[in-house]
There are 2 protein chains.
Amino acid sequence: MEEMARILLVDDEDDILEFLGYNLRKAGFDVQTARNGREGHQVACQWKPHLVILDIMMPEVDGIEACQLIRLTPEIADTLVVFLTARGEDYSQIAGFDAGADDYIKKPVKPNVLISRIKALLRRVSTPESSQEIIQARDFIIDKERYVVIKDSQQIALSKKEFELLVFLTSRPGKVFSRDDIFANVWGSDVVVGDRTIDVHIRKLREKIGVENIKTYKGIGYSYV
Amino acid sequence: MEEMARILLVDDEDDILEFLGYNLRKAGFDVQTARNGREGHQVACQWKPHLVILDIMMPEVDGIEACQLIRLTPEIADTLVVFLTARGEDYSQIAGFDAGADDYIKKPVKPNVLISRIKALLRRVSTPESSQEIIQARDFIIDKERYVVIKDSQQIALSKKEFELLVFLTSRPGKVFSRDDIFANVWGSDVVVGDRTIDVHIRKLREKIGVENIKTYKGIGYSYV
DNA sequence: AGCAAGGTTAATTATTTCTTAATCGCTTAT
DNA sequence: ATAAGCGATTAAGAAATAATTAACCTTGCT
């Protein structure tokens, strides 16, 4: 299953939010919205979108400032940024690229144009490392090829299930995965095993990689911290 | 058992009507047909299909006009519309989306392609707000994905019920929810718990996110400010 | 066949969260 | 001023859920 790209749409006009949001979702993107630059930056920090669409003209914190904010926040500094510019805002092109934009699109926006530009941008970034065999988590290196995890330059041997479980949990650090999520992705939808099975694997994993790395949310699920 | 989706198929060629009709029915859809745009619109008003498949080229009223008709009729304006376009009708893509199409499919149509596209469309509509994973309240970010609330860039850990309660209250800031509303939405209609239970949860919530954010309306209910 | 490793289950214990009940305090109507 | 009504608070018990442990299956390998 391929993860769909997350796109954060930041504009102060509801019409545009709705219109573009609808079309982007229809194109298969996971869309989140915000109404000004500050909100946008906050959500971006939290949600880690692959791409942010910023209207230039916005109250409070405008698009260019928002872009600068993003570039100054290490965790999300390399997020793709696309500017939306009103007709005639010529300066925006220059200022936008100065601020670190990856593309800019003139209003009125045609959905299919927007979408193809976005896809092009995403493609450009995602191609080189599509066969991600080595994953870097906070203080691990996860080597899918060798089924090995390295922590503090120490190799940790994991069994298959333990390894897959870790890979899954680290796929989105912080996200809380329900037991169902875990079953569906680590075991497969057709397999039926008891609830305790996950507990036991979680326990073994914790034993090997350190308890503090996996957090329990009672009644909800587990997350990799 | 889930209600099967109603699909209205509009085309002037009997072959296609029969071929697609057969395949759609086999896929479990409830299918009705019409032979031109006018008929299609009439049947749509009457039968309220979930989705309409429109051939672009038709006598009398063509597909694009039919789509516009549908969009102009309030009762069925949000029906999903899929266009069928002959090979080489390139303009149809643009014109179709302008007319408010949700998807378009090129002829010759492969049944399995058509069906998977249709299912994708229907699925998207039936999951209204599942993708809204991050909620912005006045000074919070509520992250459903991580079951975490952030206030002043501080993470606040909430239990399951507390979290659900907060999500519910913030779903409409300012609105006063009665205890019944709250029970129905946070607990579920079948669960029976005492009145004090809500008080206690409200109290805990206030303790964590700040008393000032939840206001009591004696005899009426609570609201998120 | 016998062994080892990984995976699963079941039984027990531990922990957290939810609910209840008892009591207190504030507001309002008589 | 007083009682009635309603919510707040508190602590304790119940229920839900997870952690732990050990035993039990498989499977693959020698």
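Every chain is numbered from 1 and lettered A, B, ... according to where its sequence line falls, protein lines coming before strand lines.
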Fill in: Nearest-0.5 Å distance that lies between atom CG in A:Leu20 and atom CD1 in A:Ile7
10.0 Å
Practice prompt. Report the residues that fulfil salt bridge (charged side-chain N to carboxylate O under 4.0 Å, His left out) with A:Lys119, sequence neighbours left out, ordered by chain and then residue number.
Written response: none
Discussion item. Once rounded to the nearest 0.5 Å, what's the spacing between atom CG of A:Leu114 and atom CD1 of A:Ile118?
Written reply: 4.0 Å
Worksheet item: Whole-Å distance between C:dT17 P and B:His201 NE2?
Response: 10 Å
Worksheet item: More than 12 heavy atoms of other residues, nucleotides or ligands under 6.0 Å from CD of B:Glu75: is that the case?
Response: no
Discussion item. Going by the rule side chain to side chain donor-acceptor pair (under 3.5 Å), which residues pair with B:Arg146 if we only count those two or more places apart in sequence or in a different chain?
Written reply: none
Worksheet item: So with a 6.0 Å cut-off around CZ of A:Arg71, is the heavy-atom count from everything else above 12?
Response: yes
Fill in: Interatomic spacing from CD1 in B:Ile209 to CD in B:Gln154 - rounded to 0.5 Å
15.0 Å
Worksheet item: Between atom NZ of B:Lys160 and atom NZ of A:Lys218, what is the distance when rounded to the nearest 0.5 Å?
Response: 12.5 Å
Worksheet entry | Bending between helix ends of the helix from C:dA1-D:dT30 to C:dT30-D:dA1 [5 pairs per end, 10° resolution] | 10°
Worksheet item: Do any of residues 192-200 of chain B sit with a heavy atom less than 4.0 Å from DNA chain C, and if so which?
Response: B:Val193, B:Gly194, B:Arg196, B:Thr197, B:Val200
Discussion item. Holding to salt bridge (charged side-chain N to carboxylate O under 4.0 Å, His left out), I want the full list of residues that pass it with A:Glu65, two or more places apart in sequence or in another chain.
Written reply: none
Item to complete: On DNA chain D, reading 5' to 3', which nucleotide is the first and which the last to sit with an atom under 4.0 Å from a heavy atom of chain A, could you check?
Response: D:dT17 to D:dT21
Pair up each side-chain donor or acceptor in residues 21-31 of chain B with any protein partner under 3.5 Å, not counting sequence neighbours, and list the distances.
| from | atom 1 | to | atom 2 | distance (Å) |
| --- | --- | --- | --- | --- |
| B:Arg25 | NH2 | B:Val31 | O | 3.3 |

Discussion item. Holding to ring pair (Phe, Tyr, Trp, His ring centres under 6.0 Å), I want the full list of residues that pass it with B:Trp187, two or more places apart in sequence or in another chain.
Written reply: B:Phe183, B:His201
Discussion item. Tell me every residue that passes salt bridge (charged side-chain N to carboxylate O under 4.0 Å, His left out) with B:Lys175, counting only those two or more places apart in sequence or in another chain.
Written reply: none
Worksheet, complete the sentence: Sorted by number, residues from residues 161-188 of chain B placing a heavy atom under 4.0 Å from DNA chain C are B:Lys161, B:Trp187
Discussion item. According to ring pair (Phe, Tyr, Trp, His ring centres under 6.0 Å), who are the partners of B:Phe168, at least two apart in sequence or on a separate chain?
Written reply: B:Phe177
Worksheet item: Does any residue of residues 203-225 of chain B have a heavy atom under 4.0 Å from DNA chain C, and if so, which ones, in number order?
Response: B:Lys204, B:Lys218
Worksheet item: Should we say atom NZ of A:Lys208 is surrounded by more than 12 heavy atoms from elsewhere, each under 6.0 Å from it?
Response: yes
Practice prompt. Mark yes or no for whether A:Arg117, through its side chain, and A:Tyr104, through its backbone, hold a donor-acceptor pair below 3.5 Å.
Written response: yes
